[in-house]
Amino acid sequence: SPLEKQVIVTRHSPDLYNTSSPQDSSAEVYIIWVIPTPEHKDFTSLVMVNHLLGNGAKSHLFKQISRKKGLVYHIQSSLGHNHNLGLFEIYAKVPSIRQEEVISSIFEELENFKRKSFESQEFENARKQEKHDFLSAMQTNSGIAQVIEFETKEGLDIKEYIRHFD
């Protein structure tokens, strides 16, 4: 499975530390997995998982951990890749005294997410949004440069990649 090995990083940021009331300080939690890069056959599936799991206020993590449980100030997931290395990350800004509770809750919600069945419309909306976001990014100079890099360095056929969202 692409998401078996993870690294958990928590940090007290100096800018989040409350000197007059340390128990009221904030912290950042990062949980990171090494994943396949965009040319891998499963990458577009990971893009969809990322969208449904942690992309915005309608995402599973935000609804469950922020809204329902009230454990975090902010939570999201993201994908990244560089030099033949893919990364999937869950980031949360949390009250520092609740870090362990947040980490446990994230893993609990990952298990719940695995068992969740999605309505076809919810999945379809996510698919369309991801395709739109990708095509929109390709209209920028940095997006064009990234496409050139994918095609030349990583051997990724962008047209084939886009077809995965159809």
Problem set entry | Contact check, side chains of Ile106 and Ile75, non-hydrogen atoms, under 4.5 Å | yes
For this session: For residues Lys128 and Lys131, determine if any side-chain heavy atom of one lies less than 4.5 Å from a side-chain heavy atom of the other.
Result: no
Exercise. Stepwise, does the side chain to side chain contact (heavy atoms under 4.5 Å, CB included) test hold for Phe62 with Gln76?
Worked result: CA-CA 7 Å; Phe62 187 84; Gln76 69 182 46; over 6 Å; no
For this session: Would you check if Phe107 and Ile31 make a side-chain contact, meaning some heavy-atom pair closer than 4.5 Å?
Result: yes
Problem set entry | Distance-only donor-acceptor check, side chains Glu28 and Tyr91, under 3.5 Å | yes
Exercise. So, for Leu53 and Ser77, which heavy atoms are closest and what is the spacing to 0.1 Å?
Worked result: C-OG, 4.2 Å
Exercise. Looking only at heavy atoms, which two atoms of Leu46 and Pro36 are closest? And how far apart?
Worked result: CD1-CD, 3.6 Å
Exercise. Is it true that Glu109 and Lys69 make a salt bridge, defined as a side-chain N closer than 4.0 Å to a carboxylate O?
Worked result: yes
Seminar exercise, completed: Closest non-hydrogen contact found for Arg98 with Gly70 is NH1-O, 3.7 Å
Exercise. Does NZ belonging to Lys58 count more than 12 external heavy atoms closer than 6.0 Å?
Worked result: no
Exercise. Quick one: does Ser136's side chain have a donor or acceptor within less than 3.5 Å of a partner on His132's backbone?
Worked result: yes
Seminar exercise, completed: CG of Leu79 to CG of Asn55, rounded to nearest 0.5 Å, is 9.5 Å
Exercise. Any donor and acceptor pair, going by atom type alone, linking the side chain of Ser25 with main-chain N or O of Ser96 inside 3.5 Å?
Worked result: no
Seminar exercise, completed: What one should report as the nearest heavy-atom pair of Thr44 and Lys41 is OG1-O, 4.3 Å
Exercise. Hey, does the side chain of Ser104 reach the backbone of Glu101 with a donor-acceptor pair shorter than 3.5 angstrom?
Worked result: no
Exercise. Are Ile65 and Tyr73 connected in a single hydrophobic cluster, I mean Ile/Leu/Val/Met/Phe/Trp/Tyr linked by side-chain heavy atoms less than 4.5 Å apart?
Worked result: no
Problem set entry | Nearest non-hydrogen partners of Ser26 and Lys93, listed with the distance | CB-CE, 4.5 Å
For this session: Measure the shortest side-chain to side-chain distance between Asn112 and His60 over non-hydrogen atoms and say whether it is less than 4.5 angstrom.
Result: yes
For this session: Answer with yes or no whether the side chains of Gln121 and Asn125 bring together a donor and an acceptor at under 3.5 Å.
Result: yes
Exercise. So, do Phe113 and Leu52 sit near enough that their side-chain heavy atoms are less than 4.5 Å apart?
Worked result: yes
Seminar exercise, completed: Here the pair of heavy atoms bringing Phe88 nearest to Ile35 is CB-CG2, 3.7 Å
Exercise. Does any non-hydrogen side-chain atom of Trp33 lie less than 4.5 Å from one of Leu87?
Worked result: no
Exercise. With a 4.5 Å limit on heavy-atom distance, are the side chains of Leu110 and Ile90 in contact?
Worked result: yes
Exercise. If only atom types and distance count, is the side chain of Ser66 paired as donor or acceptor with the main-chain N or O of Lys63 below 3.5 Å?
Worked result: no
